[in-house]
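So you know, we letter chains A, B, ... as the sequences are listed, proteins then strands, and number each from 1. This is a predicted model, so every value here is computed, not measured.
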Protein chains: 2
Amino acid sequence: MLTLQGRPQALGQMTTPGHAPAPREGDPLQALANRARYADGQAIFMAGDEAVDCFKVVKGAVRLCSLLSDGRRLIAHFLLPGDFFGFKGVAAPSLTAEAIGPVEVTRYPRRAVAALAERDPEIARRLHAMVCRQLTRAEAQLLVLGRMTPPERLAYFLLELAEHGGQELDQGAVLDLPMSRQDIADYLGLTIETVSRTFTLLKRKGLLALPRQQHVLLRDPDALRDLAAGD
Amino acid sequence: MLTLQGRPQALGQMTTPGHAPAPREGDPLQALANRARYADGQAIFMAGDEAVDCFKVVKGAVRLCSLLSDGRRLIAHFLLPGDFFGFKGVAAPSLTAEAIGPVEVTRYPRRAVAALAERDPEIARRLHAMVCRQLTRAEAQLLVLGRMTPPERLAYFLLELAEHGGQELDQGAVLDLPMSRQDIADYLGLTIETVSRTFTLLKRKGLLALPRQQHVLLRDPDALRDLAAGD
DNA sequence: CGGATACTTGAATGTAATCAATCACAGTGG
DNA sequence: CCACTGTGATTGATTACATTCAAGTATCCG
């Protein structure tokens with residue numbers, strides 16, 4: 001019932017080649033691109049501020065989060081290399097984007113993107129498809145936060161991350177977690193302790209191993225999939 | 001920090017006049033419309049099935065929900081008169097739409113809507129804006145499900161409902177709840193008992209009154225707003 | 001008015017949160 | 001190279017709170 005979407009927000013097949021800043025002919029969007037870097041924890045944009053740019057992650061990871069005044073935090077999305085963000089609508093963003101570790105992004109001026117979408121229906125279609133995918137993704141996550149147990153949530157998270165890479169994970173893929181346990185907790189609506197205990201639980205059950213704190217070996221992807229599907 | 005969006009998915013200002021089936025000249029979308037009725041509990045479309053139509057609620061209420069195989073359910077959205085649904089992307093819907101009580105909807109054939117959007121950039125823009133609003137709404141709800149307490153969740157729900165009507169609620173608006181306590185529970189990620197107890201709690205605190213089971217009088221909208229904002 | 005359903009309330013349980021300490025690890029400087 | 005230090009992660013003990021199980025009560029409909 002719960003199906004994981006691969007590559008949640010791939011807007012196209014732009015395999016940005018390394019660090020070449022030259023616009024790629026095939027993609028009019030890429031002509032608008034420029035690079036930017038952010039340090040660990042730095043805000044890329046803030047909820048409520050006027051949105052001036054759209055982004056694509058090139059290197060590193062980004063979190064999109066909401067914050068309550070008493071410090072409670074929820075991370076709505078993690079963005080990894082290849083993911084686009086900040087493309088939603090024209091108004092001010094409702095989420096804050098922050099760098100997880102050093103991050104490198106491509107930046108597209110919002111006005112130019114909008115103008116391009118006006119002229120080029122194909123671009124408009126791609127932007128629309130992107131937002132639709134994000135919505136589907138968010139809806140799946142509502143079920144996770146509203147009705148799933150901690151082990152189910154963690155399995156969901158790990159598989160989502162694994163499928164982003166697109167790698168076959170049937171032969172014990174090793175997953176690299178760029179984010180902290182606190183980030184994972186804030187993504188899954190749990191505390192850091194519960195995330196830790198749940199890692200330990202899944203380890204004891206033989207579903208995964210933790211060779212390093214930031215590395216996860218998925219020992220039994222099928223069992224994890226069953227968990228993540230909630231049945 | 002948590003801002004409620006009024007009229008979450010108003011696609012236009014189509015003030016559909018009662019039961020007139022005639023297409024309205026000003027709106028090319030309306031030319032595609034036809035009517036349909038559904039009985040209480042009836043599925044309008046099912047997650048996974050091919051999407052053939054888009055909808056607008058005319059009368060009654062609709063729930064969009066996910067279901068796990070063991071019966072756990074989460075309602076992602078409630079749709080009320082004036083709300084559009086089923087407009088997301090071209091693929092199969094990820095949520096099931098069900099009638100809450102007898103429902104009357106306008107139906108737009110998906111193919112025709114897509115074709116219209118191809119020809120008419122203004123329509124495409126409206127569709128895009130609609131999906132963006134839904135995404136923003138879903139992101140706000142992630143925070144609710146992931147980090148808020150039961151009273152906060154209920155206050156959020158009630159205000160969201162109140163603001164849908166667009167009425168000024170400063171002078172004790174009476175709210176009509178078309179859905180059951182179980183529906184509210186499945187929307188807020190709680191059990192039916194917790195929803196009930198939370199109603200009682202807010203009643204004791206003087207924030208609201210329940211003249212009938214389905215009617216809520218918002219006695220102190222400001223306090224409710226503070227609760228819903230989580231601070 | 002009767003019966004069914006939906007909602008509320010109560011008591012007990014279980015689970016995740018909290019509070020607190022220990023452990024592992026990366027980075028630094030001796 | 002290795003002890004030292006600070007941060008982040010894990011583990012343990014306790015608490016708080018929503019869930020579960022179980023009556024009771026109100027409401028709606030025929």
For C/dT18, does the base pair up with any side-chain atom of A/R197 as donor and acceptor (N or O, under 3.5 Å, distance only)? yes
Please determine if B/D186 and B/R63 form a salt bridge, counting it only when a charged side-chain N lies under 4.0 Å from a carboxylate O. no
Hey, does the side chain of B/S180 come within less than 4.0 Å of C/dA6's phosphate (OP1/OP2), counting only N and O? no
Between D/dT7 (P) and A/Q214 (CD): distance, integer Å: 17 Å
Quiz question: going by heavy-atom distance under 3.5 Å, is there a donor-acceptor pair between the base of D/dC21 and the side chain of B/E193? yes
If you assign each of A/R181 and A/R147 to its closest nucleotide in DNA chain D, which residue comes earlier from the 5' end? A/R181
Nearest whole Å is fine: how far is D/dA18 C1' from A/L145 CG? 17 Å
Does a salt bridge link B/R147 with B/E152, judged by any charged N lying under 4.0 Å from a carboxylate O? no
Atom CG of B/L202 and atom C1' of C/dC7: how far apart are they, to the nearest Å? 16 Å
Which one, C/dC25, D/dT19, D/dC28, comes nearest to the side chain of A/Q213? C/dC25
Please check the phosphate of C/dA16 (OP1 and OP2 only) for any side-chain N or O of A/T194 closer than 4.0 Å. no
Comparing B/P211 and B/V195 on DNA chain D - which has the more 5′ nearest nucleotide: B/V195
What nucleotide, of C/dC7, C/dT8, D/dT10, holds the atom closest to the side chain of A/S196? D/dT10
Are the charged groups of A/D83 and A/K56 less than 4.0 angstrom apart, N to O? no
Can you check the A/R212 CZ to D/dG8 C1' distance for me, whole Å? 16 Å
Aromatic ring proximity A/F157/A/Y187, centre distance under 6.0 Å: yes
CG of B/L210 versus P of D/dC28: gap in Å, rounded? 12 Å
Classify B/T149 by what it touches in the nucleic acid, base, sugar-phosphate, or nothing, heavy-atom distance under 4.0 Å. nothing
Can you tell me how far P of C/dA16 sits from CE of B/M148, to the nearest Å? 22 Å
Interatomic distance where CE belongs to B/M179 and C1' belongs to C/dA6 [whole Å]: 15 Å
Separation of C/dC25 P from A/H215 NE2 (nearest whole Å): 13 Å
So, does A/T191 get its side chain near the phosphate of C/dA17, meaning an N or O under 4.0 Å from OP1 or OP2? yes
Of the options D/dA18, D/dT10, C/dC7, whose atoms approach the side-chain atoms of B/I192 most closely? C/dC7
For the student: nearest non-hydrogen atoms of A/L80 and A/P178, plus distance: CD2-CG, 4.1 Å
